[in-house]
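Proteins get letters first, then strands, A, B, ... in listed order; numbering begins at 1 in each. Values in this document were obtained by computation on a predicted structure and should not be read as measured data.
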2 protein chains.
Amino acid sequence: MKIDPNSKSDLSAQIAKAIRDAIVSGALIVDERLPSEAELSEQFEVSRATVREALKRLAAQSLIRTQRGAFGGAFVNRLSFEEAYGQQITTSTLLLSMNAVSFETACEARFALERACAPLCAKRRTPDHLATMRAEIFRQSQPGLSDESWCASDVAFHRALVDGAGNPVLSYQLAGAVEAMQPLMNMITFTARSRERIIALHTKIADFCDAGDGPAVDQTLETLAAYTLQLGQEMADKKANR
Amino acid sequence: MKIDPNSKSDLSAQIAKAIRDAIVSGALIVDERLPSEAELSEQFEVSRATVREALKRLAAQSLIRTQRGAFGGAFVNRLSFEEAYGQQITTSTLLLSMNAVSFETACEARFALERACAPLCAKRRTPDHLATMRAEIFRQSQPGLSDESWCASDVAFHRALVDGAGNPVLSYQLAGAVEAMQPLMNMITFTARSRERIIALHTKIADFCDAGDGPAVDQTLETLAAYTLQLGQEMADKKANR
DNA sequence: AATTTTCATTTGTCTGACGTTTAAATGTCT
DNA sequence: AGACATTTAAACGTCAGACAAATGAAAATT
């Protein structure tokens with residue numbers, strides 16, 4: 001592991017990159033202990049403070065974890081799906097909110113990805129997934145539910161649909177897309193009528209998943225996508241005319 | 001922005017979380033300048049070194065950027081799609097390599113997501129996207145191409161397909177899935193015959209995109225997915241019998 | 001043998017200092 | 001007055017050294 005003495009970027013960034021490359025390339029394996037901060041500062045010929053800043057950068061990406069005490073130190077972290085979900089969601093949410101992504105674009109992406117899960121979910125969903133879907137549908141049918149709770153339940157429903165595909169990689173990829181949409185969805189006010197319509201579609205989706213009818217799930221999702229897009233459009237129009 | 005004095009985690013992690021929350025919630029907006037390190041260390045009642053470690057954590061997530069000199073400081077960063085791609089790819093690659101995700105699972109996820117783009121790409125692809133696809137197909141047909149270059153070209157071809165959908169959110173989401181698969185794909189040795197078969201399918205995909213025939217693209221992708229899975233299976237069998 | 005104590009190692013945090021960068025403010029000359 | 005050079009203050013980047021706190025191994029004790 002070496003750093004480029006000609007680079008003009010921060011030393012801590014260079015050191016972080018060197019270690020990150022070593023991890024990604026497999027030179028450092030999971031649970032392997034890195035040299036102590038003192039040793040690293042000798043190796044890279046920088047102060048301990050600089051090494052620490054580099055290590056904190058890696059810790060922020062869940063690439064390493066640190067432990068205090070004798071025989072402690074920094075260890076290469078096994079990146080879990082859980083941790084990856086979290087990062088994915090944070091990144092996606094910020095990306096959408098900071099780049100003025102239109103409701104249409106985000107909505108299209110979300111449903112396109114979700115439809116990719118439909119046939120798999122219809123084939124593989126467990127009773128647990130179906131139970132979660134039905135429970136969320138029930139919650140959605142409660143009168144007086146706040147718009148925020150409604151959206152949260154909507155996300156939970158679609159999460160169950162995605163997880164039902166039984167592919168953790170898909171779940172991880174989609175977690176970002178679905179959750180990151182929530183702030184945009186929260187801007188829509190769901191009338192009683194639109195809720196009713198959506199609940200009906202959710203019920204159809206759950207039923208088709210139950211029956212193992214992938215194409216029907218797919219088509220219902222398409223309908224739901226179109227309707228959601230329409231609601232967003234109406235909201236935009238109302239705003240424009242005000 | 002406050003930190004919990006009862007928390008047992010590192011101060012720098014707590015401070016990073018406090019600032020991160022402020023950014024995600026919108027309390028700090030893009031290009032806004034954070035207080036100087038000295039001011040932050042006063043506010044949080046910690047040393048400057050600790051504040052710096054917190055800021056480096058945020059910098060590692062591209063949430064802030066720093067500028068030296070008078071009127072410099074830490075600024076809330078506009079997270080670009082470019083930066084998000086990079087993080088997404090690093091995370092996905094590590095996730096796959098560290099969690100012993102099977103070839104089947106990764107392959108299934110990749111093609112499921114890619115098929116989600118098929119109808120959009122057939123509708124919206126520009127001449128540029130088609131040109132990129134055809135150029136990559138041409139490269140793939142060159143004799144003597146190394147397995148590594150072959151895979152790189154394969155990724156480039158599929159990137160063009162995904163980008164052809166004209167939805168940056170989709171492109172961002174899929175970048176991780178497609179690129180992260182590359183190390184797994186590299187483990188397959190592509191015979192002349194299998195390459196020929198794949199090139200034929202790629203050509204069909206490009207043609208159908210050209211013709212705007214979404215369902216045909218989708219079906220060809222399904223065939224390609226099945227064939228890729230089969231190749232992976234043969235590779236696994238060969239390994240088992242050795 | 002089990003328990004307690006000691007102890008060395010390592011990370012977490014603090015203090016104070018100095019160098020470097022940068023843009024604004026000031027000064028100088030035409 | 002305006003263009004250019006100089007100064008200066010603010011802020012980050014890096015360093016050295018110190019102490020506290022945690023932790024597990026080894027030694028001492030019961």
Side-chain angles (χ1 to χ4, degrees), chain A residues 1-20 22-23 28 31-78, chain B residues 1-20 23 28 31-77:
Chain A
M1 282 194 301
K2 289 279 161 54
I3 58 175
D4 176 15
N6 298 326
S7 170
K8 64 181 177 60
S9 62
D10 296 352
L11 286 175
S12 70
Q14 289 179 56
I15 293 169
K17 180 177 188 317
I19 300 176
R20 179 163 38 239
I23 295 175
L28 291 170
D31 290 336
E32 185 170 341
R33 182 180 174 282
L34 271 66
S36 72
E37 294 174 355
E39 286 170 317
L40 284 173
S41 69
E42 270 186 38
Q43 274 186 37
F44 288 112
E45 296 177 302
V46 297
S47 73
R48 212 187 124 207
T50 303
V51 167
R52 280 183 61 79
E53 288 179 8
L55 293 179
K56 293 312 154 204
R57 288 178 190 262
L58 299 175
Q61 297 179 301
S62 304
L63 291 182
I64 61 169
R65 61 178 185 278
T66 53
Q67 226 176 4
R68 295 174 70 167
F71 298 78
F75 298 83
V76 177
N77 200 25
R78 156 161 277 123
Chain B
M1 285 192 301
K2 288 279 161 54
I3 58 177
D4 175 16
N6 299 325
S7 170
K8 65 179 174 61
S9 61
D10 296 352
L11 287 175
S12 69
Q14 290 179 55
I15 293 169
K17 182 179 185 318
I19 299 177
R20 179 164 38 240
I23 294 176
L28 292 170
D31 291 336
E32 185 169 342
R33 181 180 174 282
L34 272 66
S36 71
E37 294 173 356
E39 286 170 318
L40 285 172
S41 70
E42 271 186 39
Q43 275 186 35
F44 288 112
E45 295 178 305
V46 297
S47 72
R48 207 185 128 210
T50 304
V51 167
R52 280 184 60 79
E53 288 179 10
L55 293 179
K56 294 311 154 203
R57 293 176 117 108
L58 299 174
Q61 297 179 302
S62 304
L63 291 181
I64 62 169
R65 61 178 185 279
T66 52
Q67 233 176 4
R68 297 175 70 168
F71 296 78
F75 297 83
V76 177
N77 199 24

Below 4.0 Å: OP1/OP2 of C:dG12 and any side-chain N or O of A:T66: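 So the side chain of A:T66 is within the cut-off, an N or O lying under 4.0 Å from OP1 or OP2 of C:dG12.
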
Check whether any side-chain N or O of B:T50 sits under 4.0 Å from OP1 or OP2 of C:dC14, and answer yes or no.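 Answer is yes, contact under 4.0 Å.
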
Atom [atom1] in [X], atom [atom2] in [Y]: separation rounded to 0.5 Å?
X     : Y     : atom1 : atom2 : value
A:L40 : A:T50 : CG    : OG1   : 12.0 Å
B:N77 : B:T66 : CG    : OG1   : 10.0 Å
A:I64 : A:R20 : CD1   : CZ    : 10.5 Å

Per [X] side chain, nearest of listed nucleotides [options]:
X     : options                : answer
A:S12 : D:dA11, C:dT15, D:dT14 : D:dT14
A:A70 : C:dT9, C:dC14, D:dA11  : C:dT9
A:F71 : C:dT11, D:dA25, D:dA11 : D:dA25
B:A49 : C:dC14, C:dT11, D:dC15 : C:dC14

Check A:L34, A:I19, A:D31 against A:V76 for a side-chain contact (heavy atoms from CB on, under 4.5 Å) and give me the one that passes.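 With A:V76 as partner, side-chain contact (heavy atoms from CB on, under 4.5 Å) holds for just one option, A:L34.
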
Identify whether any heavy atom of A:R65 sits under 4.0 Å from a base atom; if not, whether one sits that close to sugar-phosphate; answer base, sugar-phosphate or nothing.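 Nothing, no heavy atom under 4.0 Å.
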
By the 4.0 Å heavy-atom rule, please label B:K56 as base, sugar-phosphate, or nothing. sugar-phosphate

May I have the distance from [X] (atom [atom1]) to [N] (atom [atom2]), rounded to whole angstrom?
X     : N      : atom1 : atom2 : answer
A:L34 : C:dT11 : CG    : P     : 10 Å
A:R52 : D:dT14 : CZ    : P     : 15 Å
B:F75 : D:dA11 : CZ    : C1'   : 10 Å
A:L55 : C:dG12 : CG    : P     : 9 Å
A:E53 : C:dG12 : CD    : P     : 13 Å
A:E42 : C:dT10 : CD    : P     : 12 Å
B:L11 : C:dC14 : CG    : P     : 6 Å
A:E37 : C:dT9  : CD    : C1'   : 12 Å

Is there a donor on the side chain of A:R68 or the base of D:dG24 sitting less than 3.5 Å from an acceptor on the other? no

Would you kindly check whether a donor in the side chain of B:R48 faces an acceptor in the base of C:dG16, or vice versa, at under 3.5 angstrom? no

Just wondering, are more than 12 heavy atoms of other shown residues or ligands nearer than 6.0 Å to CD in B:E32? yes

Return the 5'-most residue of the pair A:Q67, A:S9 with respect to DNA chain D, ranking by each residue's nearest nucleotide.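 Going by which nucleotide is closer to the 5' end, it is A:S9.
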
